Every structure is written in C-alpha cells, then in structure tokens.
Amino acid sequence: MTAPAAHPAPSSPRLPSHCDVLVVGAGPAGSAAAQKLAAQGLDVLLVDQHDFPRDKICGDGLIPDTHAAFRRLGVYDEVAALATPVRHVRCVGPRGKHIDIPGQLSVLPRKQLDHILVRAAQRAGAVLATPVKFEAPLEENGRVVGARLKHGGEQHEVRARWTVLATGAVPAALMAAGLCERHTPSGVALRGYVKHDGLVGRITQLQIVWHPRMRGGYGWIFPAPGGLFNIGAGLTGSHIQSRSGKGLRDSVNLKDFFQAFCEVYAPARELMAGGQLQGELKGAPLRCSLIGARWSRPGMLVAGEAAGSTYAFSGEGIGKAMETGMLAADAVQQGTDDAVVQAHYAQGMRKLKPQFDLYETASHVNHHPWLADLVIWRGRRSPRILNRLSGVLEETQNPGRLFTFSGLTKLLFE
Ligand SMILES: Cc1cc2nc3c(=O)[nH]c(=O)nc-3n(C[C@H](O)[C@H](O)[C@H](O)COP(=O)(O)OP(=O)(O)OC[C@H]3O[C@@H](n4cnc5c(N)ncnc54)[C@H](O)[C@@H]3O)c2cc1C
C-alpha cells in the first residue's frame, strides 16, 4: 500500500477564512516556501491561478544551484528519475567555435518539475487550492493581513499572519500589492518543443549560442527526455531604454530573432527542419538581477522571479527561485516582529546579490557577441580558465571577486 504522503489532498478544497501563511503562486519559489513552512508545523495555504500539472514557458535547463535546492527540498531523486542528465554547458560563439563547461546539469519540462515541487509541498502539509487568483492584499493600518482571492467566479478573503507573493515575472500581482518598482520585464524569450529522434545522442549538452544577428540575447537547444528538444531564443536587458526612449524589446521581433538563430546555427536548422514542433513557439517575460520590485512590506514577502530572482545573462532562475522561497520561509520563522522578519529576509537576499551582479555583468556578452568568441578562444587554450568558468557555474567560485568588469577581464587575461 502506498504511504498516505504519496496521496496529496485534492487541489480545490474549500478556501479557509484564515491560515498562518498564505503563499501565492505554486511555481518553484512558492512551492519551496510552502514546503518549508508546512514542515515547521505552520498552517499553509498555497494557491495558484492554474490547476496542476500546468505548463510554464521555460528552457527547462537545470543548473547546479537548482540541483542543490532539490537536495534541500528532498526531491532530488524524484527529479533525477525523470530528467535528462547533462554534463556540459556548450557555449558557441559567432565564429562557430565552442567550449564545453562542465557542471551538474539536467533538463526536465516544467510541467513535470513544478508538479513534483507542488506535491512535495502538499506532502509536507501545505493545502493547495487551484484555480485561485490573487487579486489584492487585505490591509489593516498599512500592514498586509491576507488577500482577496478569486475562486470559481467568487471572491474570498483569506486572512494570514504572512503572505508570500511568488507570482513570477508577470507583474500584475506585484502591482496590486504595491511592490512593483518597474513594470517592464528584464528580458523576453520564446521557446518550443521539437521531437527529433535522430538528434538524440547528438545534442547532449545545454547549448547556448551567441551571434551578431541575435545581438542582445542568445539562442539555446536543451535535450529534454523522450526525444524532445527545448529550443528557444531570448533577449536580455529589454528594460533598458535607448536615448530615443525605445527599449530593445520594441525594436526586436522575437520570432525574427528565433528565425535568425535557426539560420546561423546548423543544429537549430536541422532540428527545426527535420523534427516535429509540438504545439507552437511561446514567449514569456523574465525579471532578473533581484531588481524591479521591493522585497517586502509589513505582512508580505516577495519571493522568486517576482523579486527578480532570474540570472540576467543566461535567463536561468529555477534554482534561485527555490532559494528565495526557502529564505522567505526561514524569515517568517523569525518571530512576530515585522521588522525582524523583513530584515532577516533582506539580509538573505543581499547575500545572493553578488552572484546576480556577476551574471548581470556577464550579460555584456549578449550585447557584444564578439566577447563570446574571446571567452571561447581563451577557454579552449587554458584548462585553468575553463575550471574557473565551471566554478562560476557550480557557484564554488566566490563571485565577490569577479562581479566587476575588470574582474571578468582578469579572469580572461591574467
Ligand atoms: C523562455 C524562458 C526560458 C527560461 N529558461 C530557463 C531555464 O532553462 N532554466 C532556468 O532555471 N530558468 C529558466 N527561465 C526562468 C524560470 O522560468 C523562472 O526563473 C522561474 O519560473 C521562476 O520561478 P517562480 O516560482 O518565481 O515563478 P513561476 O515559475 O513563474 O511561478 C509563478 C506562479 O504564480 C502563479 N501566479 C501568477 N499570478 C498569480 C495570481 N495573481 N494569482 C495566483 N497565482 C498566480 C502562476 O500561475 C505560476 O504558477 C526561463 C524563463 C523563460 C521565460
């Protein structure tokens, strides 16, 4: 007989009128927060506007920080049993040369991954309610004391000691909560799934490609399970405006960008020409570098991509979303004083900032693709540089020394 823990409660219970912590958004950030809070014996309500399993537009690439977070959440084996294991990130420059940076990596579609994480939260005791949409915070004397939610066409008020907002890169909920500092996303990207049995075993890395025809971003191909490949192209720094007031996003059509990727990169061309696209290419925003939102207000913490927890250079954010969710859970345990909880959370977030700054600096490569050729040229000649790049990927390299442009230059030329 299966243990009761394997049978989480259904996802549409009657909404309670109160709970200890309301977690809004059941992506990696929200599920990680809900699991950790429920495991401490708190009464946790986790809500999402979608029923699970649900799709999330993503590259599905899992980097070392993500695997570390899976271990902390006790889901590593469950993920590893389904994911495609990968041993290198392959960086391909405009001249077609590449380096393979070693790391612990894998690929699993978000539909499966997020379901694993949400079930782990339920097993820990969190109550999942879907489809439930956060509309606005409930406030008393400027403090958030819960939220107004929409469920089955009706409005409900749920009171909570703390609310964790983990609603991802679409800023509507952040705006309603009064915590959004920048509406425009930091990046936008487009992805599709293509089935191509002939390329299984040939594309075995997380392949990332830079080229002047994709200035401002990059293209990728990641090998997913079942003969599927996640292929996409993304723009970073889309919030930065030129002197004319236009953002990069206004001047770039993502579909053309993706088309350019297929034209300049032979494996992408082969994949699209010989494989079967599953459904359509779909786009989504990204919020990066821990900027664009306030991290908290009394009674509410913002976790995951809503707080900008995605890396600017590479668009990876699943691992850090889970880490910030766990930080939020840890902060809520710090007592009843709002200021103490908020300060504890801010301290944890600030500790992550140097790594985000490093990736922000590295995103120069997206805007000056010739830099990729330079890094690749250096990396191919020097095992020491390759080791250091692997250290950055594995997060064993102290980013503090690297996050300035001169630090990166030193990495390449010393
Ligand atoms: C095209 C693309 C490719 C990417 N590739 C990668 C990659 O390869 N690897 C990687 O690590 N990261 C990647 N990312 C980034 C990654 O998707 C995010 O960092 C990650 O999803 C953030 O997790 P989260 O839990 O903060 O938010 P999300 O995963 O977005 O989850 C937020 C949840 O909140 C719910 N929600 C939103 N608003 C409301 C509301 N009002 N009421 C109730 N529920 C609500 C949503 O339904 C959703 O389930 C990519 C992103 C994009 C767009």
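The structure displayed is predicted, hence computed values, not measured ones. In listed order, ligands and their atoms are each counted from 1.
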| Pro285 heavy atoms, cut-off 4.0 Å: which ligand 1 atoms fall inside? | 53 (C)
| message | If I apply the N/O under 3.5 Å rule, does Ile318 come out as touching ligand 1? | response | yes
| request: Number the atoms of ligand 1 from 1 as they appear, then name those within less than 4.0 Å of a heavy atom of Gly304, with their elements. | output: 26 (O)
| message | Could you work out, for atom 38 (N) of ligand 1, the closest of Leu206, Val24, Thr167 by heavy-atom distance? | response | Thr167
Show which side-chain atoms of residues 324-331 pair as donor or acceptor with protein atoms under 3.5 Å away, not counting sequence neighbours.
from: Thr324; atom 1: OG1; to: Gly304; atom 2: N; distance (Å): 2.8
from: Thr324; atom 1: OG1; to: Lys320; atom 2: O; distance (Å): 3.3
from: Thr324; atom 1: OG1; to: Ala321; atom 2: O; distance (Å): 2.9
from: Asp330; atom 1: OD2; to: His344; atom 2: NE2; distance (Å): 3.0

| message | Tell me if a side-chain donor or acceptor on His211 pairs with a main-chain N or O of Arg213 at a distance below 3.5 Å. | response | yes
| query | What residue and atom, counting heavy atoms only, is the protein's closest point to atom 2 (C) of ligand 1, and at what distance? | reply | Cys58 CA, 3.6 Å
| request: Consider ligand 1: state whether an atom of it lies below 4.0 angstrom from any non-hydrogen atom of Gly232. | output: no
| Would you call Asp43 and Arg159 a salt bridge, using N to O less than 4.0 angstrom? | no
| message | How far is atom 52 (C) of ligand 1 from the closest protein heavy atom, and which atom is that? | response | Ile57 O, 3.6 Å
| query | With no hydrogens and no angle check, do the side chains of Asn366 and Trp210 hold a donor and an acceptor under 3.5 Å apart? | reply | yes
| field | Identity and distance of the protein heavy atom lying nearest atom 4 (C) of ligand 1 | value | Gly59 N, 3.1 Å
| field | Interfacing atoms of ligand 1 (cut-off 4.0 Å, heavy-atom, Gly168) | value | 27 (O), 30 (O), 32 (C)
| Heavy atom of the protein closest to atom 48 (C) of ligand 1 (residue, atom name, distance) | Asp48 OD2, 3.3 Å
| field | CZ/Arg143: more than 12 non-hydrogen atoms of other groups inside 6.0 Å | value | yes
| remark: Nearest heavy-atom approach of Pro53 to Lys111 is CB-O, 3.8 Å
| said: Would the distance check show the side chain of His196 and the main-chain N or O of Gly198 forming a donor-acceptor pair, the cut-off being under 3.5 Å? | reply: yes
| query | Are Ser314 and Glu316 linked by a side-chain donor-acceptor pair shorter than 3.5 Å? | reply | yes
| query | Would you say Asp20's side chain and Ala160's backbone share a donor-acceptor pair under 3.5 angstrom? | reply | no
| request: Would you mind finding which of Lys282, Glu316, Glu305 brings a heavy atom closest to atom 18 (C) of ligand 1? | output: Glu305
| task | Please list all pairs passing the salt bridge (Lys or Arg N to Asp or Glu O under 4.0 Å) test where one or both residues lie in residues 288-309, with sequence neighbours left out. | result | Glu139-Arg297
| Nearest non-hydrogen protein atom, atom 15 (C) of ligand 1 | Gly315 O, 3.3 Å
| query | Which ligand 1 atoms are under 4.0 Å away from a heavy-atom of Gly25? | reply | 33 (C), 34 (O), 35 (C)
| task | Specify side chain, backbone, both or neither for Ala172, according to which of its non-hydrogen atoms lie closer than 4.0 Å to ligand 1. | result | neither
| message | Just to be sure I read this right, does ligand 1 sit under 4.0 Å from the backbone of Ser309, its side chain, both, or neither, counting only heavy atoms? | response | neither
| Pair Thr130, Asp48: side-chain N/O donor-acceptor within cut-off below 3.5 Å | no
| query | Among all protein non-hydrogen atoms, which one is nearest to atom 9 (N) of ligand 1, and what is the separation to 0.1 Å? | reply | Gly61 O, 2.8 Å
| Just which atoms of ligand 1 are under 4.0 Å from any heavy atom in Ala321? | 22 (C), 23 (O), 26 (O)
| said: For ligand 1, which is the ligand I care about here, please tell me if Ala29 has any N or O atom under 3.5 Å from one of the ligand's N or O atoms. | reply: yes
| Between Tyr193 and Phe229, does the ring centre distance come in under 6.0 Å? | no
| Selection from Phe222, Phe134, Tyr311, Trp220 by shortest heavy-atom distance to atom 42 (N) of ligand 1 | Phe134
| request: Check Thr66 against ligand 1 and report side chain, backbone, both or neither, counting heavy atoms closer than 4.0 Å. | output: neither
| Any N or O on Ala169 sitting closer than 3.5 Å to an N or O of ligand 1? | no
| said: Would you say CZ of Arg71 has more than 12 non-hydrogen atoms from neighbouring residues, nucleotides or ligands within 6.0 angstrom? | reply: yes
| query | How about Glu135 and Gln155: does a side-chain donor come under 3.5 Å of a side-chain acceptor? | reply | yes
| task | List the closest protein heavy-atom neighbour of atom 10 (C) of ligand 1: residue, atom name, distance to the nearest 0.1 Å. | result | Gly317 N, 3.2 Å
| Pair Tyr76 and Phe70, ring centroids less than 6.0 Å apart | no
| Nearest neighbour in protein (non-hydrogen) for atom 31 (O) of ligand 1 | Gly27 CA, 3.4 Å
| message | Can you tell me if Val132 contacts ligand 1 (heavy atom of the residue under 4.0 Å from the ligand)? | response | yes
| note | Closest to atom 45 (C) of ligand 1 (heavy atoms only, candidates Gln49, Arg191, Lys56, Arg54) is Gln49
| remark: Taking only non-hydrogen atoms of Ala166 and a 4.0 Å limit, the atoms of ligand 1 in range are 32 (C), 33 (C), 34 (O)
| remark: The option among Lys133, Lys150, Arg110, His50 carrying the non-hydrogen atom nearest to atom 29 (O) of ligand 1 is Arg110
| How far apart are the closest heavy atoms of Gly283 and Leu190, and which atoms are they? | N-CD1, 3.7 Å
